[in-house]
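These notes concern the structure reproduced below.
Atom set for the values below is all heavy atoms of this structure, side chains included, hydrogens, waters and symmetry mates excluded. So that the names make sense, note that chain A is the first sequence line, chain B the second, and so on, each numbered from 1. A quick note: this is a predicted structure, and the numbers were derived from the prediction, not measured.
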2 protein chains.
Amino acid sequence: MARPSKFSTDEILDVACGLLLDDGPAALTVSAVARNLGAPSGSIYHRFNSRDLLIAMMWLRAVEHFHQHIEPIFDTTETYSDVVRISCGVVTWAREFPLHAQVLLLHSASALLHDGWPDEVIERNQAQLQRLQVMQNKLCKRVGAKTAAQKRRLGFAIMDIPYAAVRLPLSRGEAPSKDSEQLVADAVTGVLAALTKENT
Amino acid sequence: MARPSKFSTDEILDVACGLLLDDGPAALTVSAVARNLGAPSGSIYHRFNSRDLLIAMMWLRAVEHFHQHIEPIFDTTETYSDVVRISCGVVTWAREFPLHAQVLLLHSASALLHDGWPDEVIERNQAQLQRLQVMQNKLCKRVGAKTAAQKRRLGFAIMDIPYAAVRLPLSRGEAPSKDSEQLVADAVTGVLAALTKENT
DNA sequence: ATAGTTTTAGAGACTACTCTCTAAAACCAA
DNA sequence: TTGGTTTTAGAGAGTAGTCTCTAAAACTAT
């Protein structure tokens, strides 16, 4: 029977998140995580083969959380006029889960990883990229987006605009303002106006 | 009479930009800049007292370039329906000056600087923050934005939306798609619809 | 030629990080 | 008690970055 852990994986990843958000990417080192957690660096390396693996896991945790949250909204969206539900869902997710949102929306994985995606998580990462792609493809089919321009417009509405609304508050460690969902809805309405016209 | 420089300040900053964009923030070191430029590190440190000063100067160069470009558009915008000119001007600037745009729009200064803004450039940075604030305040006055909500909406239209439209192509080293200005215009139209109604 | 000034050049001190390694601790089972 | 397994613990090898320092180069003026 093995010695029990003193530190859970989530605790380690939470400390890493905190360091990233409070002190920036350069502060995100295994030494700093260990120091802040009160764990020896050998313990961290025992769990995560490399610094990049720790970062990648932190990132994937946020991505998976986001996808889990947003997927049901995607899957129940049938028309262009419903798309705004997804857009606002992104904002609401960022509001409710700022830690994950700060990781996912304020930094790119490639900027955080020093040597790219570690082998251990390549498939897991691919799976999430695929998962989002499938969500988007199915949505395009359901709402009737066929051309590249229509798809681009849809992607702008779903991901880029909500991102625009939350990035500054997130970077200040604040919640998005109360009217953020309405702002996003208005922008999305403007962007999709052309497409809903095409569909009528 | 002093020995002439072999390397100009702009050359040094250009190499730094290239490193940031090609290899990410962690690759942005004085050692790497020196190596890529073929200059001794002593020369770089002779010019820039610290790594953070080099980064700060690279950042400010991009900010000042952007402000120089966007200020005339700000200053000639009088009505809500003209605001879209600013929004599209941001996209066009990013399209024409990708190097500066990549620095300014894909990374936050705080994420790049290890120890915050160096004393040498605090005032210069403050001046640019002030400059933007003045532009925005004057615009609010001219178009008639009075409440915090109106101002928020205006800021969303001017900065956040264009930014969202260019960040992914920029991060891939690509130009924004040809329809980006139209996408932004539609989103901004949606966002400002409420304000133009209030004004009539 | 010497003096003055600025810039290049590169060695090296120092630091912090990454990661490996060894050993011990902590648990249960036999 | 011994054995097995997993985890903690922490020393230390190796590396790369930051930055200081010394010296020389490169120019013009006197």
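Put simply, K6(B) has no side-chain N or O that comes within less than 4.0 Å of OP1 or OP2 on dA25(D). Between R35(B) and dG17(D) there is a side-chain N or O to OP1 or OP2 distance below 4.0 Å.
Using a 4.0 Å heavy-atom cutoff across all strands shown, S5(B) reaches sugar-phosphate atoms only and no base atom. In this structure, S31(A) reaches the bases: a heavy-atom distance under 4.0 Å links it to at least one base atom across the strands shown. S41(A) comes within contact range of at least one nucleobase, with a heavy-atom separation under 4.0 Å.
Residue T29(A) places its side chain closer to dC17(C) than to any other of dT6(D), dT20(D), dC17(C).
Ring orientation note: the planes of H65(A) and F97(A) are nearly perpendicular, at an angle over 60° on the 30°/60° scale.
Using a 4.0 Å cut-off between a side-chain N of Lys or Arg and a carboxylate O of Asp or Glu, D179(B) and R153(A) do not qualify as a salt bridge. A salt bridge is absent between D82(A) and R142(A): the closest approach of a Lys/Arg side-chain nitrogen to an acidic carboxylate oxygen does not fall below 4.0 angstrom. Ion pairing between a basic and an acidic side chain is recognised when a charged N comes within 4.0 Å of a carboxylate O; D160(B) and R167(A) show such pairing.
Each of R47(B) and R51(A) has a nearest nucleotide on DNA chain C; the 5'-most of these lies closest to R47(B). Residue order along DNA chain D, read from the 5' end via each residue's closest nucleotide, puts D52(B) first among D52(B) and P4(B).
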